Structures are given as C-alpha cells and as structure tokens.
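Predicted model, so just to flag it, every value in this text is computed and none were measured. In listed order, ligands and their atoms are each counted from 1.
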Amino acid sequence: MELATTLKSQTVHNRVREVGINPNYWYPVVWADQLKVGQVMPVAIWQQAIVVYRDASGQFHALEDACPHKGVALHKGKVQGTHLACRYHGWEFDGSGACVSVPYLPQGQKLPCAQARSYPIQEKYNLIWIFPGDAALSEQSQVPDVPEFDQPDWLMVPIPTHFKAHFSICNENTMDVFHGYLHQELQGWFDPVLINLQATETSVCADYKVSYKGIFTKFLGLSDNAHKVTTRTISIRYYYPHYHSSLEGLSSLYLMRLPVSPTETRSFSLLFVKIRLSKWLVQPIKKLIANFIWRLFRKFVAQDCEMIESEQQSYLANPQRRYVEINPAIIALQHVIVSQYEQFIR
Ligand code: FES
Ligand SMILES: [Fe+2]
C-alpha cells in the first residue's frame, strides 16, 4: 500500500517498546567462521537460551540450553563426535536433542526417555541462522537473499554491532534517515527528503533523497568531486525482521537483527561497496580497504548507539511518557513490528 510522504506530527504510544518478536522467522546468532569444529557456544534469541555446537563432521546443531536430566546449561558440556555431552553426568544428546548415551547405565538397560528441544539451523552468508518458532514453519520462511555475497565486484565488510536497547528502537534508527544531523562531522548525508513510502503487513519500503559531500563520498564512489554536493536516492527496505538498504547500486547494506532480550539487540551487518579501482589493484589490499571502511562505519555506529541507548534509558525511566514523531516511515515500521507480534500471539 502506498502511503503519504508528508511529515506530520503524531503521538507515539509506547506499545512498540513492549512487544516481543514473532519467532517464526530465521534469526542470525553467530558468524559461522567463529564456531570451529568441536566448539560449543551459548546464544539467546528473545530470552530463549540456546546452545549451538559444531560436531566432528562440521555440522551445526542447536538445542535448548538446558539438560533434560537436571537442567544444567548444555553449553558447559563438550562435543563427542556428533553428540553433545552434558558436563554434569555426561549424558549425551544428538543433534535432534535425543538422549543417546548415559555413561553409567548398566549394559542392556533402556536409555531414559529424555529429549532436549532442537531448533532448525542453517549456515548461509557465513552466518548461523536459527528458527526459534514453530519448527514446522521453518521451510516456509527464508533467510534474506544477499545476491552480492557471491559476486566478485563487491567488497564485503562484515560489521557486528551490539545495542543495549529494544529491537524496535534499533530498527527505527535505521528507517530514520532524518538523523543525518547526528553524523554531520563524519561527513554523513544531509538534506534528506522522503520521496516514496510503501507498506504491507510484513514490510516497509522507503526511498529518501539525500545529499553528500566530502572526501569519503568520493572514496565510496558516490561522487567524482569531493567538493561538490551529490544527491542520491537511498532505498530502505524493512522485511520483518531484517533490513536491506541500497544506494543506487553503489553500496548495499544488510542488517540482520538478533533481538536478544527486551533491552538487548545484536546486529550482524553485511556492507557491500563497489570500489572503483581495478581488480588486480584491489585484491591484495582488500582486507586493508575493508578494515578502513569498518573503522569509519564503526564511528557512525558509536554515535547511533549512544542515541539508541539514551532512548532506551528514557523509556525505562518512564514507560508512560508520550513522544512525537513526524516521519510516516517510522509510524509504518512500528505498525509492522506490533502487528507481527500480535499475529504470533493470536
Ligand atoms: S544434568 Fe546433564 S547429565 Fe545430569
Ligand atoms: Fe546513524
């Protein structure tokens, strides 16, 4: 549905800060190359404690992080072949969560009927994804499509971020292109105009015209002349629960969100940039360029983080306080977040 792009005052109710997630989507939990064969790691998706392990054959598994015997956290255990052994009594569980061995059970005696919950898990784009909702629905849902991942003309910069805030605050920050004001000394964008806004039950798509100027603008291929103002269209696509934004095919940013708890959100971001240098020149210094971009990006994130966490603190101090928003894209985003939660609850 097409929505008006007029900036109009609206009172925001804090319902959006009180909702949980719709768990029937894939959520990223860790970079795949950070979990080596034989390693075990605790993760959390919206307060669900989950243990992820990589077995001897390289396969990933996700189980509820509580032993069905006495509830000890399974992430304290260790990998035995394709199984995970609990640290307390050594009961072993396979990737489906079924108990397959009790070390002190007399020979010939039946294994206890003990089953840990297991979660659908997959690796894609060097990320481990878990489906925390109804496992029967996992096939109907897909992780976001990232076509740039396999294309050699894009330079990929992975960016992990961590906010002590509700996921709705983080998501509003991304949709809110009007906060270029915050980043002005970093040569961010300026003069934003919302030019197109569309929303569905699960998505908000907004296009903004923004202007750039400065040396980074030239480095990132946004303009030929660092001293001249360049105007571009930035397209922001929120497909619940993740983001993709692109800048006229010159850069592409995927924000894969992990809502950890009502006051903690992680983001696994993949930034793709087209560097306007010949490939043979870029190849040997790819890591250096990626590192430079990551350091620059990190400064933007630190500024956002300060604002996001300040917003969260004010909310916690007084959840009844009303706020005023004028960007219809933010209002549309809040509707999607609330309705996705309500749809799950129903
Ligand atoms: S608590 Fe896990 S084996 Fe006993
Ligand atoms: Fe920002």
In the structure I gave you, are the side-chain heavy atoms of [X] and [Y] within less than 4.5 Å of one another anywhere?
X    : Y    : result
F167 : S261 : no
V143 : Q122 : yes
Y238 : I337 : yes

What's the OD2-the Fe ion (ligand 2)-NE2 angle here (D304, H179), rounded to 10 degrees? 140°

Residue portion contacting ligand 1 (non-hydrogen atoms closer than 4.0 Å) for W91: both

Number the atoms of ligand 1 from 1 as they appear, then name those within less than 4.0 Å of a heavy atom of [X], with their elements.
X   : answer
K70 : 1 (S)
Y88 : 1 (S), 4 (Fe)
C86 : 1 (S), 2 (Fe), 3 (S)

Linking I/L/V/M/F/W/Y whenever their side-chain heavy atoms sit closer than 4.5 Å, directly or via other members, would V193 and L247 fall into one cluster? no

For the hydrophobic clusters of this structure (ILVMFWY residues joined by side-chain heavy atoms under 4.5 Å, transitively), does one cluster hold both F93 and L111? yes

Mind checking whether atom 2 (Fe) of ligand 1 has an N, O or S of H69 under 2.8 Å? no

Is the side chain of Y53 donor-acceptor paired with the backbone N or O of G38 at a distance under 3.5 Å, no angle test? no

Where is the nearest protein heavy atom to atom 4 (Fe) of ligand 1: which residue, which atom, and how far? H89 ND1, 2.0 Å

